[in-house]
Amino acid sequence: QQQLMESGGGSVQAGGSLRLSCSAARYTDSRPCMAWFRQAPGKEREGVAIVDAAGSSTYYGDSVRGRFTISQDNAKNLVYLQMSSLEPEDTGVYYCATPKSARECAVAMRGDPVSYNYWHWGQGTQVTVSS
């Protein structure tokens, strides 16, 4: 059973918006941060946006800063990724993730590569942006 469930992906034209949602109900007590990653065909998975447990600190990848916003509703155990001004380069599979330790949050929020085995992952949701 998947413990992180993404929804909200789809196809949109360039300049459009989408909002992704992630249910993290199985991680109510061990969620040092929540993150969105994405993977485009033939490319490495990259961190898109991260928010700490308190919601007081965020990280955004350079390519999405100013266009994407991560937020969370801890009462509902939901994490969102609001994506605006979408570009064809934003196309890919978007994954919701939470790490197994706070140390991994610190690594990810520096923009450094993460160790995939130290994270819990959702199944991913496809986002396609056409020009």
Side-chain angles (χ1 to χ4, degrees):
Q1 178 182 1
Q2 290 289 343
Q3 299 183 348
L4 293 171
M5 296 291 294
E6 303 98 336
S7 61
S11 297
V12 65
Q13 289 191 327
S17 299
L18 282 174
R19 188 176 82 156
L20 306 182
S21 299
C22 172
S23 172
R26 296 293 298 271
Y27 295 97
T28 55
D29 298 328
S30 57
R31 209 163 65 207
C33 66
M34 292 296 303
W36 288 96
F37 289 76
R38 70 183 180 190
Q39 188 164 18
K43 294 188 176 181
E44 292 288 324
R45 194 171 298 185
E46 63 172 341
V48 173
I50 304 164
V51 61
D52 69 359
S56 59
S57 182
T58 55
Y59 162 87
Y60 294 96
D62 290 342
S63 62
V64 307
R65 190 174 296 117
R67 300 187 297 121
F68 290 11
T69 302
I70 188 170
S71 62
Q72 60 189 353
D73 184 335
N74 286 333
K76 297 181 179 179
N77 295 307
L78 292 170
V79 181
Y80 305 102
L81 184 67
Q82 178 66 47
M83 305 185 294
S84 303
S85 301
L86 283 162
E87 304 168 353
E89 292 74 21
D90 295 317
T91 294
V93 178
Y94 283 68
Y95 297 91
C96 176
T98 190
K100 299 176 183 178
S101 73
R103 178 187 179 279
E104 286 297 309
C105 288
V107 170
M109 295 189 86
R110 290 196 302 265
D112 291 337
V114 302
S115 300
Y116 298 150
N117 290 340
Y118 294 155
W119 289 70
H120 300 289
W121 300 92
Q123 82 286 356
T125 185
Q126 176 70 42
V127 171
T128 302
V129 184
S130 58
S131 58

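Excluded from the calculations below are hydrogen atoms, water molecules and symmetry mates; all remaining heavy atoms, backbone and side chain alike, are included.
- Proximity of a side-chain donor or acceptor of Thr128 to a complementary backbone N or O of Thr91 within less than 3.5 Å is not detected.
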**Item:** Audit row: Thr69, Tyr80, side-chain contact (heavy atoms from CB on, under 4.5 Å) steps and yes/no
**Value:** CA-CA 8 Å; Thr69 302; Tyr80 305 102; over 6 Å; no

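- By the 6.0 Å contact criterion, CD on Gln13 is open, its count of non-hydrogen atoms from other residues, nucleotides or ligands being 12 or less.
- Of all non-hydrogen atoms in Val64 and Val48, the two that sit nearest each other are CG2-O, 3.5 Å.
- Between the OG atom in Ser7 and the CZ atom in Arg19 there is a gap of 9.0 Å [rounded to 0.5 Å].
- Glu6 contributes a side-chain N or O that, together with a main-chain N or O of Gln123, makes up a donor-acceptor pair within less than 3.5 Å.
- Note on Val127 and Leu81: same hydrophobic cluster, where clusters join Ile, Leu, Val, Met, Phe, Trp and Tyr whose side-chain heavy atoms are under 4.5 Å apart, directly or indirectly.
- Shown here for Ala108 and Val114, the closest heavy-atom pair between the two residues is CB-CG1, 3.7 Å.
- Taking every heavy atom of both residues into account, Pro88 and Ala14 meet most closely at CD-CB, 4.1 Å.
- Residues Met34 and Trp36 are members of one and the same hydrophobic cluster, defined by side-chain heavy-atom contacts under 4.5 angstrom among Ile, Leu, Val, Met, Phe, Trp and Tyr.
- Side-chain contact between Thr98 and Cys33 is absent, with no heavy-atom pair separated by less than 4.5 Å.
- The CG atom of Leu78 lies 8.0 Å from the SG atom of Cys22; values are rounded to the nearest 0.5 Å.
- Note: the hydrophobic cluster containing Tyr116 also contains Val93 (ILVMFWY, side chain heavy atoms under 4.5 Å, direct or indirect links).
- For Lys100 (side chain) and Asn117 (main-chain N/O), a donor-acceptor pair under 3.5 Å exists by modelled atom type.
- Across all non-hydrogen atoms, the minimal contact from Cys105 to Pro99 is SG-CG, 3.3 Å.
- Summarising the geometry of Glu46 relative to Arg38, their closest heavy-atom pair is OE2-NE, 2.7 Å, with the distance given to 0.1 Å.
- Although no hydrogens or angles enter the test, the distance criterion places a donor-acceptor pair under 3.5 Å between the side chain of Gln72 and the main chain of Asp52.
- Distance OG/Ser11 to CG/Leu86: 11.5 Å, rounded to 0.5 Å.
- Taking the centre and axis of the six-membered ring of Tyr60, the NZ or CZ atom of Arg65 falls outside the cone set by 45° and 6.0 Å.
- Hydrophobic cluster membership is shared by Val51 and Met83, with clusters built from Ile, Leu, Val, Met, Phe, Trp and Tyr side chains linked at under 4.5 angstrom.
- The ring pair (Phe, Tyr, Trp, His ring centres under 6.0 Å) test with Phe37 is passed by exactly one of Trp121, Tyr94, Tyr95: Trp121.
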**Message:** Between Met109 and Ser57, is the side-chain contact (heavy atoms from CB on, under 4.5 Å) condition met? List the steps.
**Reply:** CA-CA 9 Å; Met109 295 189 86; Ser57 182; 3.5 Å; yes

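- Around atom NZ of Lys76, no more than 12 heavy atoms belonging to other residues, nucleotides or ligands sit under 6.0 Å away.
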**Request:** Carefully, step by step, assess Phe68 and Leu18 under the rule side-chain contact (heavy atoms from CB on, under 4.5 Å).
**Result:** CA-CA 10 Å; Phe68 290 11; Leu18 282 174; over 6 Å; no

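- Across all non-hydrogen atoms, the minimal contact from Arg31 to Ala53 is O-CB, 3.5 Å.
- Rounded to the nearest 0.5 angstrom, Cys96 SG and Met5 CE are separated by 10.5 Å.
- Linking Ile, Leu, Val, Met, Phe, Trp and Tyr residues whenever their side-chain heavy atoms come within less than 4.5 Å places Val79 and Leu4 in a single cluster.
- Panel note: side chain Asn74, backbone Asn77; no donor-acceptor pair is recorded below 3.5 Å.
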